[in-house]
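Remember, predicted model here, so these are calculated numbers, not experimental data. Convention: sequence-line order gives letters A, B, ...; per-chain numbering from 1.
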Amino acid sequence: MSISEFVDGPFWYFSAGVFVIGVLWRLIGMLAMGTKTDYSAPRASAASGAIGINITRFFPRRDFWSRIKLQVVAGYLFHVGLFALLFFAAPHIEFYRERVLGFGWPALPEWAFIVFAEIAFLGLLLLILHRMMHPVTRMISSRGDYIGSILLFLVMLTGCLALARSHESLRILHFFLAELLLLYFPFSALMHTFTFPFSRGFMGAHYGRRGVKV
Amino acid sequence: MSFFCPKSRTRSLAALLVLGLLFASFPASAQEKNPTSPIMVPNPGADLWRAVRQRDAPAVGQTQVGGVETGVLIDTSGEDFRNFRREDLISKSAIFIGAFAALILIFYVTRGCIRIPGGRSGRKIRRFPDFDRTLHWFIAILFLFQALTGMILLFGRFVVLPVFGPEAFGVIASACLEGHNLFGPLFLVALFLLFIRFAAKNIPKRRDLTWLRRGGGAIGEGHVSSGFFNAGEKIWFWAVIVLGLTVSISGLILDFPIFAQGRETMQLTLIVHGITAVLLTAGSLAHIYIGTIGSEGSLESMTTGYVDENWAEAHHDLWYAEMMERGETVIDQKEGKQETPPMNASPDKA
């Protein structure tokens, strides 16, 4: 079995399996923990607090804006760019159609793909550097935070290096790194992709029930 | 920081030996004309095309196909450009960068690391806030990536191909081209941010002339005064802006050949892009040298954001005096006692 056959075959199934089972395991585990029953009389609706905070947390608080504008701007650039690349890049849609879902959807034109790739790289590089340069963020960052960010950067970089689609080895390198990311994903802070609505909702319900404006 | 400022010359001499060997082989291989043996396959249409090329007729003919230079069947300037690129641009660029690096190395071996006068004081002054350092490393990473991929594209046929073979070189060159084209526009964004953030501090002042006349302290006795940035740093800043803009704009012209750029425009742009990139690379070698092994305590300003008080006094005395007058950003770090830096500490605008 050649390296490309291994990466395209068994290793893909293994990494995809670990990703799906790992993510479900963590989500179910988290939700199964439940919450303690609160016997106090609610001052306001917990549900509206949970929903409200899920929306308001998308916007930075004005009081903090001057101190966090780099993280906010870079964060949005990166996440929007990555989302567009992951779900609307023509090679990815082709992959989902052939290997995962059996159907596809319209892809971004080449120029839009380039624009989103640019803004995703811009955001991610600034975020990694901010993590390394800001003393407080550096202090609270773990090795896992760096591994996740750098692995993601390498996946994006190799994907763009393979853009010409003229060399199979570049595609295999990109795919291999993406599989490593899938393996790492459930055990890392990258899980925030799925857990953020729940963690926000938990906090929102907690404060909402006590009548705290969030 | 002793790694960047070794006390003995042994490491310096070892570095000189290794890098000397590296550069000695570099221009020679760049001048090599035929790194691989060509396979001779006679072209059946060679006689016809030779006749077309050497015919006595206007170079531009008539065609119904609309577009730039669609009336040109064979452009002889292409061959001239190819020869110029291979024989002049590439070899001379390699010699220039190699010679520049050798000069820096000779300077390092003879002069050594410039130490902090009086040693470290143990007290720190904040020089660059987090955003400035983030921006510096952002443009540095982009530049290093662009320089590396650009060098592979320029010299790869003579340096990478003989080592890795044609198949691997094809993969490496394709990856470098895609990466280089993609990250180019980001460099322009970084350059814009750099200009916004640092231009005000780099406006030339009368005292910079004195600094230049005295060669930054190398000529004559005593110290030369300077503010937040000295004249040498200001020259580097404006060189980065001007050369960076040139390399970025020429890169965009090459990156997007959809705006009716003719062959001549593209060839000229490629030459401008190559020469500017080589100048920028050579300048960056000097910048990296003086920021790391050339001067003790300099790198800290861009890693931690703080510099030693004695370093500030020696290299930027006017800024140091102003900071001492304010007295708000000096941190006592004597005997390993490290106080938390004040969150509102800000470097000066001198």
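- Residue contact with chain B, scored on non-hydrogen atoms closer than 4.5 Å, involves the backbone and the side chain of A:Ala164 alike.
- Looking at A:Leu70, only its side chain comes within 4.5 Å of chain B, counting heavy atoms on both sides.
- The shortest non-hydrogen separation linking A:Met133 to B:Thr303 is SD-O, 4.2 Å.
- Between atom SG of residue A:Cys160 and atom CG of residue B:Asn181 there is a gap of 11.5 Å, rounded to the nearest 0.5 Å.
- Listed by sequence position, the residues of residues 173-182 of chain A in contact with chain B number zero, using a 4.5 angstrom heavy-atom cutoff.
- A:Val72 is linked by a side-chain contact (heavy atoms from CB on, under 4.5 Å) to A:Pro60, A:Trp65, A:Ile68, A:Tyr76, counting only residues two or more places apart in sequence or in another chain.
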* Apply side chain to side chain contact (heavy atoms under 4.5 Å, CB included) to the pair B:Trp137 and A:Leu125, showing each step before the final yes or no. => CA-CA 10 Å; B:Trp137 291 115; A:Leu125 271 173; over 6 Å; no
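- Summarising the local packing, CG of B:Leu144 is surrounded by more than 12 heavy atoms from other residues, nucleotides or ligands at distances under 6.0 Å.
- More than 12 heavy atoms of other residues, nucleotides or ligands sit less than 6.0 Å from atom OH of A:Tyr96.
- Taking the six-membered ring for Trp and thresholds of 30 and 60 degrees, B:Phe183 and A:Phe153 have ring planes more than 60 degrees apart, a perpendicular arrangement.
- Enclosure of atom OH in B:Tyr289 by more than 12 non-hydrogen atoms of other residues, nucleotides or ligands within 6.0 angstrom is indicated.
- Residue A:Tyr146 qualifies as enclosed at atom OH: its count of foreign heavy atoms under 6.0 Å is above 12.
- Among the candidates B:Gly305, B:Gly179, B:Ser174, the residue making the largest number of heavy-atom pairs closer than 4.5 Å to chain A is B:Ser174.
- Residues of residues 185-196 of chain B having a heavy atom under 4.5 Å from any heavy atom of chain A, listed by number: B:Pro185, B:Leu186, B:Val189.
- Neither the backbone nor the side chain of B:Leu135 comes within contact range of chain A; no heavy atom of the residue lies under 4.5 Å from a heavy atom of that chain.
- Residues A:Leu161 and B:Ala175 approach most closely at CD2-O, 3.1 Å, considering heavy atoms.
- Using a 4.5 Å cut-off between heavy atoms, A:Leu157 contacts chain B through its side chain alone, with no backbone atom that close.
- Contact tally against chain B (heavy-atom pairs below 4.5 Å) for A:Ile128, A:Ile114, A:Leu126: the top residue is A:Leu126.
- Listed by chain and residue number, A:Pro91, A:His92, A:Phe113 satisfy the side-chain contact (heavy atoms from CB on, under 4.5 Å) test with A:Ala89 (two or more places apart in sequence, or in another chain).
- B:Asp130 is not listed as a side-chain neighbour of A:His130, based on a closest heavy-atom distance of 4.5 Å or more.
- Heavy atoms closer than 4.5 Å to chain A are found in the side chain of B:Leu142, but not in its backbone.
- More than 12 heavy atoms of other shown residues, nucleotides or ligands fall within 6.0 angstrom of atom CE in B:Met302.
- At a 4.5 Å heavy-atom cutoff, the contact between B:Phe131 and chain A is made by side-chain atoms alone.
- Summarising the geometry, atom CH2 belonging to A:Trp111 is positioned 11.5 Å from atom CZ belonging to B:Phe256; distances are rounded to the nearest 0.5 Å.
- At most 12 heavy atoms of other shown residues, nucleotides or ligands fall within 6.0 angstrom of atom CD in B:Glu167.
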